[in-house]
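Everything below concerns the one structure shown next.
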Amino acid sequence: MFEYAPAPESRDIVDIRPSYGLFINGEWVEPQGEERHKTVNPATEEVLAEVAWAGEADVDRAVQAAAKAFPVWSAMPGAERAKYLFRIARIIQERARELAVLETLDNGKPIRESRDVDLPLVAAHFFYYAGWADKLSYAGFGPDPRPLGVAGQVIPWNFPLLMLAWKIAPALACGNTVVLKPAETTPLTALAFADICRQADLPPGVVNIVTGAGETGAALVNHPGVDKVAFTGSTEVGRLIARSLAGTRKKLTLELGGKAANIVFEDAPLDQAVEGIVNGIFFNQGHVCCAGSRLLVQESIAADLLEALKRRLGTLRLGDPLDKNTDIGAINSAEQLAKIRELSEAGEAEGAERWSPACPIPDRGYWFPPTVFTGVAQSHRIAREEIFGPVLSVLTFRTPAEAVEKANNTPYGLSAGVWTEKGSLMLWAASRLRAGVVWSNTFNRFDPTSPFGGYKESGYGREGGRHGLEAYLAV
């Protein structure tokens, strides 16, 4: 393999402030407490900025601001709300390069992914839901659907700006106002979005952004002034939220963990399947809730597929996320790296065989090489627990029925993939897989017009598409 010369994206286009407050009622305000958190570049451990952490009093201020803005925003004609959403989408496109660099600095994902995947989808979600804002009566949720009120939204660190778009765009289109809490390790693009709201002249209080850790999220979720809660994150936290809201009037959607099966049948196009496997688990360092972390391959082609997969992994480049040639970026945090290491060591201890390509690891930052485990049993922790890292567990099967049985043998049900040239086999398998999304001869493909969500411990409710409007409407 020949070597590419370094091609780093310039970080000079990003202006990161030394310190950030909270965005409440259209203004930057200081928190009532003094607690602040340093957000770091996971590739270098460089401190990027200090970010205020909101307490209960700050969350209360944000919810009150959203509640005050709700009557005016909800009464605005849908075509007028759409203008603001279109304006936000256009500003995102205009600032896409800056936002992509900021996302990569704060998150650790390769610039190629933040630039070519995340940002186009962020803008597309705002464009898409802008189109729905004046057509809600035709969405299939009754002739006169009404907004709920104040939406409290908590998003994760793996796709910070994209998850923001998934949550805020449909909420605003339906006439709700928002208080959003980004993840504590990746707040910077959400704070940049606050500036975009001001640039778009969004009325004060329609979008409020409070930064902090789990305590801030709990204060938001449990606030009596919040009418709708949307959470994306771990199943453990999702359970806590569901318990705390049980018996209340609040509407709740949860998009939680996953342990997706990527099923490769013997008639599948081998090279295409290898690319899909790589994209399924090594995209975004495996920090994807719907990652294809379990590879189920038919025994008759297992050896050939593994040989081709290992050959392909040897060409992946791990390193500087701002380099446009990089395929594998940094793990988002030291805590997440420790979890990946723990589960990988458990896989070895339980008897699975571990393999990684020759992969120089940088001296600073949080890094983990792309890793493949073979000889995995369904009882192994690496086959059952969500690793949320670049770790693939390989299992084999002999018959289609066995493949489906193994794929469904998980407490999760977020996504799955099926690789075959037979349309009948694909449809047969898809109809039996307990997963919210089933991809055919591809993986990790997203579109704002298509709903996304899970079964079982992967949560409930749908985001995206027409279905994504229902969670923000009184129907």
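A194 is linked by a side chain to side chain contact (heavy atoms under 4.5 Å, CB included) to F23, W28, I209, counting only residues two or more places apart in sequence or in another chain. Residues satisfying the ring-ring contact (aromatic ring centres under 6.0 Å, His included) test with F388, not counting sequence neighbours, are W157, H287. In this structure, the ring-ring contact (aromatic ring centres under 6.0 Å, His included) partners of Y84, at least two apart in sequence or on a different chain, are W73. K339 meets the salt bridge (Lys or Arg N to Asp or Glu O under 4.0 Å) test with no other residue; sequence neighbours excluded.
With rounding to the nearest 0.5 angstrom, the CD atom of Q93 is 13.0 Å from the CD1 atom of I88. Separation of atoms CD1 (I155) and CD (E255) is listed at 12.0 Å; rounding is to 0.5 Å. The distance from atom CD1 of I328 to atom CZ of F368, rounded to the nearest 0.5 Å, is 11.5 Å. To the nearest 0.5 angstrom, R11 atom CZ is 9.5 Å from L102 atom CG. Remark: F141 CZ to R146 CZ distance equals 14.5 Å, nearest 0.5 Å. Summarising the geometry, atom OG belonging to S440 is positioned 11.0 Å from atom CD1 belonging to I263; distances are rounded to the nearest 0.5 Å.
Shortest non-hydrogen contact noted between L256 and S234 is CD2-O, 3.6 Å. Closest heavy-atom contact between I331 and L337: CG2-N, 3.7 Å. The two atoms that bring A183 and P156 nearest to each other are CB-C, 3.7 Å, heavy atoms only. The minimum heavy-atom distance linking A52 with G21 is given by the pair CB-CA, 4.1 Å. Nearest heavy-atom pair, P187 versus V51, reported as atom, atom and distance to 0.1 Å: CG-CG2, 3.8 Å. Pairing each heavy atom of P269 with each of E421, the nearest pair is CD-CG, 3.8 Å.
With K109 as reference, D118 is the one residue of D118, T326, T104 to meet the side-chain hydrogen bond (donor to acceptor under 3.5 Å, both in side chains) rule. The salt bridge (Lys or Arg N to Asp or Glu O under 4.0 Å) test with E9 singles out one residue from R115, R97, R112, and that residue is R97. Each of Y128, W439, F159 was scored for a ring pair (Phe, Tyr, Trp, His ring centres under 6.0 Å) with F446, with one residue passing: W439. For the pairing with N332, the side-chain hydrogen bond (donor to acceptor under 3.5 Å, both in side chains) check across T185, N158, T186 returns one residue only, T185. Screening K259, R434, R239 for a salt bridge (Lys or Arg N to Asp or Glu O under 4.0 Å) involving E457 leaves a single residue, R239.
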### Task
For the pair Y20 and R36, evaluate side chain to side chain contact (heavy atoms under 4.5 Å, CB included) and give the outcome as yes or no after the intermediate values.
CA-CA 9 Å; Y20 288 87; R36 289 184 171 271; 5.6 Å; no
### E275 vs N279, side chain to side chain donor-acceptor pair (under 3.5 Å): CA-CA, chis, key distance, verdict
CA-CA 6 Å; E275 291 303 311; N279 182 55; over 6 Å; no
### Query
Hey, mind stepping through L22 and N208 against side chain to side chain contact (heavy atoms under 4.5 Å, CB included) and telling me if it holds?
CA-CA 8 Å; L22 309 172; N208 306 271; over 6 Å; no
### Query
Does the side chain to side chain contact (heavy atoms under 4.5 Å, CB included) test come out yes or no for L136 and C174, once each step is laid out?
CA-CA 7 Å; L136 297 176; C174 292; 4.2 Å; yes
### Message
Walk me through whether D227 and K251 qualify under salt bridge (Lys or Arg N to Asp or Glu O under 4.0 Å).
### Response
CA-CA 7 Å; D227 303 287; K251 201 166 185 178; over 6 Å; no
### Query
For L202 and R198, what are the C-alpha separation, side-chain angles and deciding distance, and is it a side chain to side chain contact (heavy atoms under 4.5 Å, CB included)?
CA-CA 6 Å; L202 193 70; R198 296 180 70 176; over 6 Å; no
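No side-chain heavy atom of L254 sits less than 4.5 Å from a side-chain heavy atom of T235. Looking at T232 and K167, their side chains come closer than 4.5 Å, going by heavy atoms from C-beta outward. Contact of the L191 side chain with the T211 side chain is registered, since non-hydrogen atoms from C-beta on lie closer than 4.5 Å. No side-chain heavy atom of L188 sits under 4.5 Å from any side-chain heavy atom of E103. Side-chain contact check for T216 versus E56: every heavy-atom pair is 4.5 Å or farther apart. In this structure the side chain of T420 reaches within 4.5 angstrom of the side chain of V418, judged on heavy atoms. The shortest distance between side-chain heavy atoms of S74 and P147 falls below 4.5 Å. With contacts defined as side-chain heavy-atom distances shorter than 4.5 Å, the pair Y129/L172 does not qualify.
No donor-acceptor distance shorter than 3.5 angstrom exists from the side chain of N176 to the backbone of V150, with no hydrogens or angles considered. Side chain of E98 to main chain of V14: no donor-acceptor pair is present (N/O by atom type, distance under 3.5 Å, no hydrogens or angles). Panel note: side chain S244, backbone I241; a donor-acceptor pair is recorded below 3.5 Å. A donor-acceptor contact shorter than 3.5 Å links the side chain of D327 to the backbone of R317. In this structure, N222 contributes its side chain and A219 its backbone to no donor-acceptor pair below 3.5 Å. The backbone N or O of G258 lies less than 3.5 Å from a partner atom in the side chain of E386, making a donor-acceptor pair. The backbone N or O of T189 lies less than 3.5 Å from no partner atom in the side chain of D106, so there is not a single donor-acceptor pair. Between the side chain of K456 and the backbone N or O of A435 there is no donor-acceptor pair closer than 3.5 Å.
Remark: R462 is positioned above the aromatic ring of Y455, its terminal NZ or CZ atom under 6.0 angstrom from the ring centre and at most 45 degrees off the axis.
Remark: E34 CD is loosely packed, at most 12 non-hydrogen atoms of other residues, nucleotides or ligands lying under 6.0 Å away. The 12-atom threshold is exceeded at NZ of K135, counting heavy atoms of other residues, nucleotides or ligands nearer than 6.0 Å. Counting non-hydrogen atoms of neighbouring residues, nucleotides and ligands closer than 6.0 angstrom, the CZ atom of R17 exceeds 12 such neighbours.
Side-chain contact check for T253 and K228: at least one donor-acceptor pair (N or O, by modelled atom type) lies under 3.5 Å. Side-chain contact check for S19 and E50: no donor-acceptor pair (N or O, by modelled atom type) lies under 3.5 Å. Side chain to side chain, Q199 and R87 fail the donor-acceptor criterion of an N or O pair below 3.5 Å.
Within the structure, ring pair (Phe, Tyr, Trp, His ring centres under 6.0 Å) contacts touching residues 165-184 (residues at least two apart or in different chains) are H125-W166, W166-F452.
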Donor-acceptor pairs under 3.5 angstrom involving side-chain atoms of residues 467-475: please list them, not counting sequence neighbours.
residue: Y472; atom: OH; partner: Q153; partner atom: NE2; Å: 3.0

